[in-house]
J.: 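This is the structure, below, for whatever I ask next.
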Amino acid sequence: MTGDGSNDSDGVSVVLAKQYVAIHSSFAVAATLVYASTAALVLAARAHRMYIHRLALYLAVAGSLHAFWMCLEVIPTDLSRPDNSTVAVRPGWYGACVFIAFAAQYMSFVKALIMVWICIYVFWLVVFGQQKKQRKHEVAGALVVLLVPALFTWEPFLRHSYGLDGAVCWITGDYDQG
């Protein structure tokens, strides 16, 4: 994959891709169910009234969305080709592959930043005690978590680097750093 809109994926065989897709999809579906169940339990128990529980809810929602996009990463992959051929994007699916790659990468960053947010909050509690003005910090934290990843995940668009990488839609293997 060269990031130029071509459909080939750096020579990954269809046989290997089928094995990877089966494992990738199984874990992604399981993660989606676990994260979504966690979010549903937090909401059902009305535990979201406490700040730390809302942070856990944000993480569960972000994790669920990230895992959902990981489930979709394999859909544009054309596995119906002969076993001795290489993987490619299904005809007409390149744009979807690029969007799925972007969304999965964005949610990956969001999930990581929520983990950092939780760590900072717990550190603050341990060192300084209860935090005041939690609502103000929560709004600022949410803005940071949603906006900062957008700054980094748009950059591969400029280099046309989202596309099929191996058997999934992601940042392509020949991503140019310079």
J.: Treating Ile, Leu, Val, Met, Phe, Trp and Tyr as nodes and any side-chain heavy-atom pair under 4.5 angstrom as an edge, say whether Y51 and V122 lie in one connected cluster.
T.: yes
J.: With a 3.5 Å distance limit and no angle check, can you tell me whether R81 reaches the backbone of T86 through a side-chain donor-acceptor pair?
T.: yes
J.: So does V21 get a backbone contact from the side chain of S25, meaning a donor-acceptor N/O pair under 3.5 Å?
T.: yes
J.: Between V144 and I120, is there shared hydrophobic-cluster membership here, with clusters defined by ILVMFWY side-chain heavy atoms closer than 4.5 Å?
T.: no
J.: For side chain to side chain contact (heavy atoms under 4.5 Å, CB included), just list the numbers for K111 and L59, CA-CA rounded to whole Å, side-chain angles, deciding distance to a tenth of an Å, and then say yes or no.
T.: CA-CA 6 Å; K111 192 170 72 168; L59 180 61; 3.8 Å; yes
J.: So W93 and I75, do their side chains get closer than 4.5 Å, heavy atoms only?
T.: yes
J.: Going only through I, L, V, M, F, W and Y residues with side-chain contacts under 4.5 Å, is there a path from L55 to L146?
T.: yes
J.: Looking at A67 and A28, what are the two nearest heavy atoms and their distance?
T.: CB-O, 3.7 Å
J.: Which residues pass the ring-ring contact (aromatic ring centres under 6.0 Å, His included) test with F68, not counting sequence neighbours?
T.: none
J.: Are T77 and V89 close enough, and set up right, to give a side chain to side chain contact (heavy atoms under 4.5 Å, CB included), and what steps lead you there?
T.: CA-CA 5 Å; T77 306; V89 175; over 6 Å; no
J.: Mind listing the closest non-hydrogen atom pair of A167 and Y20 along with its distance?
T.: CB-CD2, 3.8 Å
J.: If I take atom OG1 from residue T38 and atom CG from residue L57, how far apart are they, to the nearest 0.5 angstrom?
T.: 10.0 Å
J.: Quick one: does any side-chain atom of R90 pair with a main-chain N or O of L79 as donor and acceptor, under 3.5 Å?
T.: no
J.: Cluster question for you: counting only ILVMFWY and a side-chain heavy-atom cut-off of under 4.5 Å, with indirect links fine, are F152 and I100 together?
T.: yes
J.: Pair Y106, W69 - check ring pair (Phe, Tyr, Trp, His ring centres under 6.0 Å), show working.
T.: CA-CA 10 Å; Y106 175 80; W69 286 108; over 10 Å; no
J.: CD1/I114 to SG/C119 distance, rounded to the nearest 0.5 angstrom?
T.: 12.0 Å
J.: If you take the centroid of each ring, where Trp contributes its six-membered ring, are Y121 and W124 closer together than 6.0 Å?
T.: no
J.: Where the side chain of H66 meets the backbone of V110, is there a donor-acceptor pair that is under 3.5 Å apart?
T.: no
J.: Could you go through the side chain to side chain contact (heavy atoms under 4.5 Å, CB included) check for V98 and F157 one step at a time?
T.: CA-CA 9 Å; V98 169; F157 275 121; 3.4 Å; yes
J.: Using a distance-only test with no angle check, is there a side-chain donor-acceptor pair under 3.5 angstrom linking W170 and Q105?
T.: yes
J.: Quick one: pull up OG1 in T32 and CE in M70 and give me the separation to the nearest 0.5 Å.
T.: 8.5 Å
J.: Give a yes or no on whether F27 and L72 share a hydrophobic cluster (residues Ile, Leu, Val, Met, Phe, Trp, Tyr; joining criterion: side-chain heavy atoms under 4.5 Å apart).
T.: no
J.: For residues 16-33, pull every pair meeting salt bridge (Lys or Arg N to Asp or Glu O under 4.0 Å), keeping only residues two or more places apart or in separate chains.
T.: K18-D83
J.: For the residue pair I171 and P156, what are the closest heavy atoms and their distance?
T.: CD1-CG, 4.1 Å
J.: Rounded to the nearest 0.5 Å, what separation is found between the CG atom of D165 and the CD atom of E73?
T.: 10.0 Å
J.: Could you name each residue pair satisfying disulfide (SG to SG under 2.5 Å) that touches residues 78-114, not counting sequence neighbours?
T.: C97-C169
J.: Within the 4.5 Å heavy-atom criterion, are V145 and F109 side-chain neighbours or not?
T.: no
J.: E138 versus W117: any side-chain heavy-atom pair under 4.5 Å?
T.: yes
J.: Keeping the roles fixed (side chain from T153, backbone from P149), state whether a donor-acceptor pair exists under 3.5 Å.
T.: yes
J.: Find the distance between OH (Y162) and CH2 (W154) and round it off to the nearest 0.5 Å.
T.: 8.5 Å
J.: In Å and rounded to the nearest 0.5 Å, what is the CG to CD1 distance from L113 to I118?
T.: 11.5 Å
J.: Does S161 offer a backbone N or O that forms a donor-acceptor pair with the side chain of T172 under 3.5 Å?
T.: yes
